[in-house]
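Notes follow once the structure below has been shown.
Note that this is a predicted model, so its numbers are computed, not measured. In what follows, chains carry the letters A, B, and so on, assigned in the order in which the sequence lines appear, proteins first and then strands, with residues in each chain numbered from 1.
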Number of protein chains: 4
Amino acid sequence: MIPTPTARSDRKRKELVDAAYQRLASAGFEGLRTRDVAGAVGVNVATLHYYFPTKEALIRAVVGHAMSRFASTLSAEGTPAQQLRAHFAGLRRLVRTEPQLMAVMGELALRSTRDPALAAILRQGDDAWHAWLLRLLGPAAKDGALPAGRNPSDVAALVMATLRGLYMLPPESRNPKRGEQALRELERSLGI
Amino acid sequence: MIPTPTARSDRKRKELVDAAYQRLASAGFEGLRTRDVAGAVGVNVATLHYYFPTKEALIRAVVGHAMSRFASTLSAEGTPAQQLRAHFAGLRRLVRTEPQLMAVMGELALRSTRDPALAAILRQGDDAWHAWLLRLLGPAAKDGALPAGRNPSDVAALVMATLRGLYMLPPESRNPKRGEQALRELERSLGI
Amino acid sequence: MIPTPTARSDRKRKELVDAAYQRLASAGFEGLRTRDVAGAVGVNVATLHYYFPTKEALIRAVVGHAMSRFASTLSAEGTPAQQLRAHFAGLRRLVRTEPQLMAVMGELALRSTRDPALAAILRQGDDAWHAWLLRLLGPAAKDGALPAGRNPSDVAALVMATLRGLYMLPPESRNPKRGEQALRELERSLGI
Amino acid sequence: MIPTPTARSDRKRKELVDAAYQRLASAGFEGLRTRDVAGAVGVNVATLHYYFPTKEALIRAVVGHAMSRFASTLSAEGTPAQQLRAHFAGLRRLVRTEPQLMAVMGELALRSTRDPALAAILRQGDDAWHAWLLRLLGPAAKDGALPAGRNPSDVAALVMATLRGLYMLPPESRNPKRGEQALRELERSLGI
DNA sequence: TATGAATGAGCATTCATTCAT
DNA sequence: GATGAATGAATGCTCATTCAT
């Protein structure tokens, strides 16, 4: 089937968003240039502005893309314990197969200080993540899988903080082996 | 005593570094401008370049400043458990009294992807932090203060990852209450 | 009767010219954009370029439109004195009902410095206007309606200069009441 | 005497304003480019922006320059009739020696439709011009130099409208001889 | 030491124009 | 006839850096 004009146009939009996403991951907001993004897709800068009126609009689209990529990690099946394990495994895999995502999330998080709209979006994602973890940790607490006396909500917050610390800040800034250590220890403390 | 030329010169260097540090915290690398830094100190941009040949050189000095500020958190006295408690309390206080430091550390961490020299410096700090925690957690493990079977080195890595996640990424990107929850849970899990 | 393709095509051309005319009046050459003109008619910019190969061609058409609108003021009936009075009244009315025309004429006049072809067209209009006034003022001079010793050609030139000064330069640049004063005084000096 | 830095800086500012003034006269607002202005002075565009933060600021300075040039025509000595004659002669000379001024005034007048601040400035100039003419025409009316029954204020308004029509719209848009005719006739009607 | 003045290279954005469909 | 998509060449403005004084 020949793609309709709209479909082709949609594809180019996505290509541009993806190119911007890649550049944001590799160069940061500091080094994000519309010309580079356009060039990566093989089009003129003016074409980029045909699809996105401003750089800001492009960035918003990248934010949406990153958030949806991140959200995809939260879908799983099986028992709560299995899902939790799958979540950790999924993140590990994601970091290996698409390290850009975490770099982008880190950039977005840092930028949220100066961009209230972005902050709101990130907080929404944060809430969704917490709610999702809570659904898994609640039953685990009843089963006794979670050490007695631990509040599932607090545990979820701890898990999130740790995973952020591990993944949203680049491994280059740490001793490489320490990431694996921390993750293992976190899993152990959750009994998974 | 009248400050010698060198002493006065040193003071101006420090003023410039501090101004750059503040701007980096508030505007990020993305918004760091030499003119603003010079302006904050009340001197001409050209003067800034007299003290720091390039923007890069200024940034290096800021890195040094931030690292030494951070290292100062690691000095403490008392029993290991007391020191650990003091470390957490110190970080909490630091975040309140000098929130810029963590913002700067986050910016530096993200930048380390594109700046091997910076990455090396951050890794050194990381190692020092880990060693310092290990000195506190080792005895704790022997005392049984740490739950049985937990490897002090892994626990230290977990602590570091969590604190990074909590402090080096800005609170704007999270649900505000979740930070305190995570920190409490971390302390609880360490038995402090 | 269904309009033939050519008739429909002609109508669209006119719509575009009129839209360009309106934009020229309100935004000046400085702010005249082909996209805006096309948008005002509800068509794509490419469609505009189907009818007018270049922006210049569109402008030429606007010039023609403006000149013909202006020429329409010169048709009148009655005695010379009546016609002269009607001319003044017509201009007054025109300024009220179609202020764009004078704005456009002003823009064109200013542009004529850099556009010899336009200058030639305007001079033609100028000559026609002068000839027409002369036809009215000549008899008036013989009747003694014009003060003795006044050369009708010179008087016509004076009338034209004054009306240009009053109408082709926007009222915003003057004290508003001064326009009516000048016009009244001009009429009085002509004995009408 | 060696010019102080400020004096040299002032000179460059003036050079830039003058270059902008010339470009505005020759190319209009439509064709006014900061790069051209800078180039005419032999400096980089960035230098232009060192002196004038925005193009608008430069334009404001040009407005001030043009207004003061224009105001200089209003200073004269002698009897009212002599001054009036000198005013006309001065304008004639100005048009010959500095035709740019009138072109610029025309551009400013046209722009005043879209620039309220500019409109206010032009109206001030208009008021000053009217007041000045009134001071000359009032005595003339008493002397009987002005035909009986003519209101000096109205006559002044007529003079201004005519001179605007003659000078602020470029001669290219008219039959060249008509300008001189109109001016002569105006002078004759004023008895000078 | 300090600065006013200057700049090259670059940046996001604009705009008339083109062309395949 | 009409349009969505694309672009080359600007355009106003920025910024780290240089240099004569």
Quick check on DNA chain F: between Ala46(A) and Asp36(D), whose nearest nucleotide comes earlier from the 5' end?
Ala46(A)
Along DNA chain E (nearest heavy atom to each residue), the more 5'-positioned of Gly42(B) and Thr54(A):
Gly42(B)
Base, sugar-phosphate, or nothing: which does Leu48(C) touch, judged by heavy atoms less than 4.0 Å apart?
nothing
Tell whether Arg35(D) reaches the base of dG12(F) with its side chain through a donor-acceptor pair below 3.5 angstrom.
yes
If we ignore angles and hydrogens, is there a donor and acceptor under 3.5 Å between the side chains of Glu15(A) and Tyr51(A)?
no
Between Lys55(D) and Leu32(D), is there a side-chain heavy-atom distance shorter than 4.5 Å?
yes
Would you say the base of dA12(E) and the side-chain of Arg33(A) have a donor-acceptor pair closer than 3.5 Å?
no
Counter-base of dC15(F), judged by Watson-Crick or G-U geometry with both distances under 3.5 Å:
dG8(E)
Is there a side-chain contact between Leu110(A) and Pro170(B) (heavy atoms, below 4.5 Å)?
yes
So Leu58(A), base contact, sugar-phosphate only, or nothing? Heavy-atom distance under 4.0 Å.
nothing
Determine the contact category for Val45(C): base if any of its heavy atoms lies under 4.0 Å from a base atom, sugar-phosphate if only primed atoms, P, OP1 or OP2 are that close, otherwise nothing.
base
Rounding to an integer number of Å, can you tell me how far His49(D) NE2 sits from dA16(F) P?
17 Å
Pick the nucleotide of DNA chain E nearest each of Asn44(D) and Glu56(A); which residue has the one closer to the 5' end?
Asn44(D)
Test: Arg13(D) and Asp18(D) ion pair at under 4.0 Å:
no
